Amino acid sequence: MIKLLVEDFVYEIKEEILSYEDLGNKKALEWEKCFFQWLENNKIKKKNIKEISGKKYYLIKDESEIFDIVDKYFDAVEKKKEIDYWKKFQ
């Protein structure tokens with residue numbers, strides 16, 4: 001299990017989103033905004049978020065999980081199902 005500070009996790013996701021020409025900076029910033037909205041929503045149980053000493057971490061099994069998250073986001077954008085993406089996000 002890899003423990004990334006939330007800020008580092010967001011950075012890694014945004015960098016990967018930027019590698020998709022069809023997504024670009026606009027979608028990277030949009031993903032970041034939606035992620036922090038998701039994070040702030042106390043009604044959602046977040047199984048991958050751990051708080052340790054006042055810092056929030058996102059837990060992933062390995063680096064391939066970052067690619068999976070971005071691949072799913074890319075599919076959601078193409079299918080115009082971003083709302084569904086965030087409903088299922090973990």
Side-chain angles (χ1 to χ4, degrees):
M1 191 67 69
I2 299 172
K3 181 173 60 173
L4 294 170
L5 279 168
V6 165
E7 293 79 9
D8 294 337
F9 170 73
V10 169
Y11 174 81
E12 294 295 330
I13 294 290
K14 285 174 57 180
E15 286 295 306
E16 188 61 26
I17 289 172
L18 289 171
S19 72
Y20 284 77
E21 288 180 21
D22 293 346
L23 295 178
N25 194 54
K26 180 181 175 188
K27 285 298 182 183
L29 293 173
E30 189 175 307
W31 187 93
E32 179 180 30
K33 176 185 164 201
C34 290
F35 174 79
F36 282 111
Q37 287 174 344
W38 171 85
L39 187 62
E40 306 255 333
N41 187 339
N42 293 327
K43 295 179 183 176
I44 299 172
K45 184 175 179 175
K46 298 161 189 80
K47 64 181 181 180
N48 292 338
I49 299 291
K50 297 291 179 206
E51 191 165 336
I52 303 169
S53 301
K55 294 183 179 182
K56 289 185 181 178
Y57 294 88
Y58 193 95
L59 307 177
I60 58 174
K61 293 176 190 164
D62 57 40
E63 287 186 18
S64 69
E65 205 168 321
I66 288 175
F67 304 123
D68 291 342
I69 290 168
V70 175
D71 287 344
K72 288 177 184 173
Y73 183 64
F74 180 76
D75 288 342
V77 169
E78 278 198 330
K79 295 175 182 173
K80 302 198 183 316
K81 296 200 177 247
E82 292 171 72
I83 292 171
D84 292 338
Y85 171 86
W86 287 108
K87 285 181 182 176
K88 297 175 185 173
F89 185 80
Q90 273 299 319

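Since the model is a prediction, treat every value here as computed from it, not as a measurement. We number each residue from 1, following the sequence as shown.
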For this session: Please assess Leu29 against Lys14 for the test side chain to side chain contact (heavy atoms under 4.5 Å, CB included), listing each intermediate value before the final yes or no.
Result: CA-CA 7 Å; Leu29 293 173; Lys14 285 174 57 180; 3.8 Å; yes

For this session: Output, in order, the C-alpha distance, side-chain angles, deciding distance and verdict of side chain to side chain contact (heavy atoms under 4.5 Å, CB included) for Tyr73 and Leu23.
Result: CA-CA 10 Å; Tyr73 183 64; Leu23 295 178; 4.3 Å; yes

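Looking at Asp75 and Lys72, their side chains never come closer than 4.5 Å, going by heavy atoms from C-beta outward. With contacts defined as side-chain heavy-atom distances shorter than 4.5 Å, the pair Glu16/Ile69 does not qualify.
No single ILVMFWY cluster, assembled from side-chain heavy atoms under 4.5 Å apart, contains both Phe67 and Tyr20. Linking Ile, Leu, Val, Met, Phe, Trp and Tyr whenever their side-chain heavy atoms come within less than 4.5 Å puts Ile2 and Ile13 in one cluster. The hydrophobic clustering, which links ILVMFWY residues whose side-chain heavy atoms are closer than 4.5 Å, places Ile60 and Ile44 together.
Within 6.0 Å of atom CD in Glu15, more than 12 heavy atoms from other residues, nucleotides or ligands are found, so the atom counts as buried in its surroundings. No more than 12 heavy atoms of other residues, nucleotides or ligands shown are found within 6.0 angstrom of OH on Tyr11.
For the atom pair CD of Glu40 and CZ of Phe35, the computed distance is 10.0 Å after rounding to the nearest 0.5 Å. Here the straight-line distance linking atom CD1 of Ile49 with atom NZ of Lys56 works out to 7.5 Å at 0.5 Å rounding. For the atom pair OH of Tyr57 and CD of Glu7, the computed distance is 9.5 Å after rounding to the nearest 0.5 Å. One finds the CD1 atom of Ile17 at 13.0 Å from the CG atom of Asp22 (value rounded to the nearest 0.5 Å). Separation of atoms NZ (Lys3) and CD1 (Ile52) is listed at 4.0 Å; rounding is to 0.5 Å.
In terms of heavy-atom proximity, Gly24 sits nearest to Leu18 at C-CD2, 3.6 Å. When every heavy atom of Val77 is checked against every heavy atom of Glu82, the shortest pair comes out as CG2-CD, 3.7 Å. Annotation for Lys46 and Trp38: closest pair CE-O, 2.9 Å, computed over non-hydrogen atoms.
Residue Asn48 forms a side-chain contact (heavy atoms from CB on, under 4.5 Å) with just one option from Tyr58, Phe9, Phe89, and that option is Tyr58.
Ionic pairing of Glu30 and Lys33 is not present here: no N-O contact between side-chain nitrogen and carboxylate oxygen is shorter than 4.0 angstrom.
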